[in-house]
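In this text, all values refer to a predicted model and were calculated from it rather than measured experimentally. Every heavy atom of this structure was used, including side-chain atoms; hydrogens, water molecules and symmetry mates were not.
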Amino acid sequence: MMVALMVTSCGDDFLDRTPKHGYVAGNYYSTDDAVIKALEPLYNYAWSGYNERGIVGMGSFRANDAWSPYLQGEFARFTITGLTTEIVNAWSSIYMVVSMANQVINDMDTYTTSDVSEAVKNQARGEAMLMRGTAYFYLLRGWGEVVLYEDNVDITSRPVRPLATEESVLKFIVRDFERAAELLPERGANFHPSRYVAKALLAKALLAQSGWNKGQRDEATLNRVVSLCDEVINCGQYKLLDNYENLFRPQFNDNEETLLAMRWADPLLGEYASSNNLISDLAWSDVTDVNCWGGSLHASVDMINYYNEEPADSFRLRGTFFTPGRYYSYIWSEKGGYTYKTNWMQCKKGVVGTKADCDGHLAQQASPLNTYIMRLADVYLIKAEALLGNSSSTTDARALAAFNATRLRAKLPPKSSFTFEDLIRERRIEFCMEYCNWYDMVTWYRWKPQYMLDFFNYKQHRAFMLNSGDVLLNEDHTLSYRCVFPGTNNWYFFDNEGHCYWSDCLRASESDNTVVKTAKQGYTYNLDSLANARGADYAPIVLSEANIFMPYPEADVIQNPYFNQPPQEYEFSKE
């Protein structure tokens with residue numbers, strides 16, 4: 001937090017200095033264009049420390065979308081501490097968004113000249129509140145109780161202050177999104193958000209608030225969520241992109257489905273702190289011509305099981321993970337395309353190919369791809385979830401239309417009913433490896449704690465390793481896989497005769513994939529039983545109230561005694 005405050009605080013001493021280019025707050029905000037330009041860091045630079053690496057572990061590995069023992073494995077194993085580098089960087093980065101947003105709001109009231117239009121000042125205030133609310137929404141679902149502040153100078157002079165209750169943080173978020181919806185223009189311009197973006201995020205925050213620590217979702221709030229979703233869907237400015245795969249190609253940045261995204265600097269500008277450097281952890285030499293060290297990240301057992309339940313869901317699968325034999329015309333396009341020849345399932349989202357595939361706009365640690373914060377698909381599924389409400393299942397026509405929107409885009413048949421478990425499955429597939437699934441799971445946990453603990457501990461399989469050669473494509477387009485025992489690099493599951501257990505059949509040995517026994521012949525596969533049979537060798541990952549939320553950075557805990565005390569209600573200003 002203090003890093004963020006030191007960067008963005010504009011106290012008297014800071015303003016008295018003569019900056020390199022002659023700009024200070026007192027003379028910068030003299031035109032509409034200058035004000036709009038000042039908003040740009042809210043969409044890249046401020047988020048850099050979070051996006052640099054922590055975003056993957058926090059948003060996707062904890063959800064068990066995928067994992068790697070070599071890349072933030074402690075997030076998947078829930079062994080992070082307050083000294084984990086990615087935790088410290090993400091915390092400071094998200095609070096930098098808060099501080100920058102606060103400064104914009106303050107500057108609009110203090111430093112703009114008469115040449116700046118009221119409409120642009122309102123737009124700036126609206127965007128700042130939108131991004132501040134978004135930052136706190138990440139903080140709430142990541143850490144729970146956090147410090148709220150709206151005045152940078154005040155918190156710089158008085159940084160030791162209590163944590164706010166989760167309910168206060170949610171109220172703060174809702175208030176920011178409501179104000180943003182009032183201040184933002186009807187239509188956004190030059191990639192800046194419209195008021196409907198704020199309404200979409202407001203719907204998501206209200207959905208969380210409707211059941212947060214209540215056990216039963218509030219019906220009036222759910223009705224409001226549905227109305228907000230309808231406004232966004234029917235405003236005529238956004239629509240689902242027809243080709244799911246194109247959502248993750250740089251040529252389709254700022255597409256019609258994008259509501260809000262981190263918009264990174266052009267890699268050719270060499271602005272490291274404002275660039276999307278995730279490419280280095282996601283890609284590897286086989287799929288790009290820039291120096292990358294990723295490739296160890298692979299699909300989780302959970303996700304493979306989901307895809308096997310509905311093999312026809314191939315468009316979303318090919319857009320999310322590489323699978324054996326899959327061809328991509330737009331990767332290594334100058335050489336006729338790329339065929340994935342490995343029997344594995346490495347991550348596809350975020351892998352944009354070569355420099356030529358990106359029209360030259362690719363560099364080491366700098367991808368041109370935006371990072372989604374919210375897209376329209378989320379709004380459809382928020383509406384479906386709100387209409388499902390507290391019911392175990394629904395056949396409501398409006399709910400089905402919303403739920404089936406993403407399925408129809410994926411070229412799948414519509415459902416005639418759906419349950420809450422179906423909704424979880426649909427969201428996990430639609431947003432897999434977009435660094436957001438864990439945050440939705442935390443929202444559900446705060447509404448249905450025991451349900452979600454059972455889901456985490458009895459329906460998910462965490463930290464089972466897949467190596468190159470551990471995935472095979474079957475004739476019916478399902479995927480056969482075998483797992484390496486958690487905590488080892490070379491131990492598979494074998495029967496007493498040395499036959500190797502695969503997900504759908506027993507094969508001759510570790511090196512001989514000849515099928516010995518199939519499911520039709522009575523073969524069964526129970527990963528939990530196989531793992532538990534190892535006894536003391538196997539320590540399952542257990543989730544509880546103690547580790548759902550992440551630990552605070554150690555330095556903050558040491559410097560602020562309030563971090564070890566009960567939270568307090570936030571005192572909202574009377575306006």
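- In this structure, the side chain of Trp502 does not engage the main chain of Val471 through any donor-acceptor pair within 3.5 Å.
- No donor-acceptor distance shorter than 3.5 angstrom exists from the side chain of Thr339 to the backbone of Tyr327, with no hydrogens or angles considered.
- Distance OG1/Thr419 to CG/Leu388: 8.0 Å, rounded to 0.5 Å.
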**Report entry** Chi angles and distances behind the side chain to side chain contact (heavy atoms under 4.5 Å, CB included) call for Phe431, Arg375
**Finding:** CA-CA 10 Å; Phe431 301 112; Arg375 49 188 178 87; 3.5 Å; yes
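- Residue Thr320 forms a side chain to side chain contact (heavy atoms under 4.5 Å, CB included) with just one option from Tyr244, Phe315, Phe248, and that option is Tyr244.
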Query raised in the report: Given Leu297 and Asp281, is the side chain to side chain contact (heavy atoms under 4.5 Å, CB included) satisfied, shown in steps?
Result: CA-CA 8 Å; Leu297 194 160; Asp281 282 345; over 6 Å; no
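- Between the side chains of Asn213 and Glu167, at least one donor N or O sits under 3.5 Å from an acceptor N or O.
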**Report entry** Check against side chain to side chain contact (heavy atoms under 4.5 Å, CB included), Tyr552 and Val88
**Finding:** CA-CA 8 Å; Tyr552 301 109; Val88 176; over 6 Å; no
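- Aromatic ring centroids of Trp444 and Tyr451 lie 6.0 Å or more apart.
- Annotation: side chain of Phe322 is in contact with side chain of Val351 (closest heavy-atom distance under 4.5 Å).
- Judged by the 6.0 Å and 45° rule, Arg263 forms a cation-pi pair with Phe191.
- Comment: Arg409 engages Glu257 in a salt bridge, judged by a side-chain N to carboxylate O separation of less than 4.0 angstrom.
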Report task. Please assess Glu426 against Arg316 for the test salt bridge (charged side-chain N to carboxylate O under 4.0 Å, His left out), listing each intermediate value before the final yes or no. Result -> CA-CA 11 Å; Glu426 182 64 20; Arg316 291 192 288 192; 2.6 Å; yes
Requested in this report: Would you please test Asp470 and Asn343 for side chain to side chain donor-acceptor pair (under 3.5 Å) and show each step?
Outcome: CA-CA 6 Å; Asp470 288 342; Asn343 289 328; over 6 Å; no
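- Defined by atom type and a distance below 3.5 Å, a donor-acceptor pair is missing between the side-chain atoms of Ser93 and Trp47.
- Side-chain contact annotation: Tyr330 with Gln251, donor-acceptor N/O pair under 3.5 Å absent.
- Listed for the Trp344 side chain is a donor-acceptor partner under 3.5 Å among the backbone atoms of Leu466.
- Side-chain atoms of Tyr196 never come within 3.5 Å of backbone atoms of Leu259 as a donor-acceptor pair (strictly under, hydrogens ignored).
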Requested in this report: For Trp293 and Ser280, run side chain to side chain donor-acceptor pair (under 3.5 Å): C-alpha distance rounded to whole Å, both residues' side-chain angles, the deciding distance at 0.1 Å, then the answer.
Outcome: CA-CA 6 Å; Trp293 44 81; Ser280 301; 5.1 Å; no
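- Pro414 has its side chain out of reach of Arg407: every pair of non-hydrogen atoms, C-beta onward, lies at least 4.5 Å apart.
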Report task. Decide yes or no on side chain to side chain contact (heavy atoms under 4.5 Å, CB included) for Tyr45 and Glu40, but give the supporting numbers first. Result -> CA-CA 8 Å; Tyr45 177 81; Glu40 289 184 7; over 6 Å; no
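- Atom CG of Asp242 has 12 or fewer neighbouring heavy atoms from other residues, nucleotides or ligands inside a 6.0 Å radius.
- Looking only at side-chain heavy atoms (C-beta outward), Leu412 and Glu310 come within less than 4.5 Å of each other.
- A donor-acceptor contact closer than 3.5 angstrom links the side chains of Asp286 and Tyr338.
- If you check the side chains of Tyr328 and Glu245, you find no donor sitting under 3.5 Å from an acceptor.
- Side-chain N or O atoms of Asn370 include none that pairs as donor or acceptor with a backbone N or O of Tyr372 at under 3.5 Å.
- Tyr439 and Tyr138 have their aromatic ring centers within a separation under 6.0 angstrom.
- Cation-pi contact between Arg217 and Trp447: present, with separation from the ring centre below 6.0 Å and deviation from the ring axis of at most 45°.
- Atom CG of Leu472 and atom OH of Tyr481 lie 13.0 Å apart (nearest 0.5 Å).
- Between Asn467 and Val484 there is a side-chain heavy-atom pair separated by less than 4.5 Å.
- A donor-acceptor contact shorter than 3.5 Å links the side chain of Asn255 to the backbone of Thr258.
- Judged purely by distance below 3.5 Å, without hydrogens or angles, the side chains of Gln450 and Asp454 pair a donor atom with an acceptor atom.
- With Glu166 as reference, Arg446 is the one residue of Arg141, Arg446, Lys214 to meet the salt bridge (Lys or Arg N to Asp or Glu O under 4.0 Å) rule.
- At least one donor-acceptor pair closer than 3.5 Å links the side chain of Thr354 to the backbone N or O of Asp357.
- For the pair Arg62 and Phe75, the cation does not sit on the ring face, since its NZ or CZ is not both under 6.0 Å from the ring centre and inside 45° of the axis.
- Judged purely by atom type and a 3.5 angstrom limit, Asp302 has no side-chain atom pairing as donor or acceptor with the backbone of Gln460.
- Remark: the backbone N or O of Met303 is not paired with any side-chain donor or acceptor of Arg428 at under 3.5 angstrom.
- Atom CE of Met452 sits about 5.5 Å away from atom CZ of Phe455, to the nearest 0.5 Å.
- Interatomic distance, Phe61 CZ to Ser68 OG, rounded to the nearest 0.5 Å: 6.0 Å.
- Annotation: side chain of Glu385 is not in contact with side chain of Val225 (no heavy-atom distance under 4.5 Å).
- Of the residues listed (Phe563, Phe549, Tyr95, Trp91), the one engaging Trp143 in a ring-ring contact (aromatic ring centres under 6.0 Å, His included) is Trp91, and it is the only one.
- With contacts defined as side-chain heavy-atom distances shorter than 4.5 Å, the pair Ile279/Gln364 does not qualify.
- Remark: Lys383 fails to qualify as a cation-pi partner of Phe403 under the 6.0 Å distance and 45° angle criteria applied to the six-membered ring.
- The 12-atom threshold is not exceeded at NZ of Lys341, counting heavy atoms of other residues, nucleotides or ligands nearer than 6.0 Å.
- Here the two rings, on Trp438 and Phe78, have centers that are under 6.0 Å apart.
- Using modelled atom types, no side-chain atom of Thr478 and backbone atom of Asn474 make a donor-acceptor pair closer than 3.5 Å.
- A 4.5 Å side-chain heavy-atom check between Tyr136 and Val98 finds at least one atom pair inside the cut-off.
- Side-chain contact between Tyr50 and Met96 is absent, with no heavy-atom pair separated by less than 4.5 Å.
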Requested in this report: Take Asp176 and Arg132 through the test salt bridge (charged side-chain N to carboxylate O under 4.0 Å, His left out) and record every step on the way to the result.
Outcome: CA-CA 7 Å; Asp176 264 3; Arg132 184 174 66 184; 2.7 Å; yes
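- Residues Asp440 and Thr443 bring no donor and acceptor atom of their side chains to less than 3.5 Å of each other.
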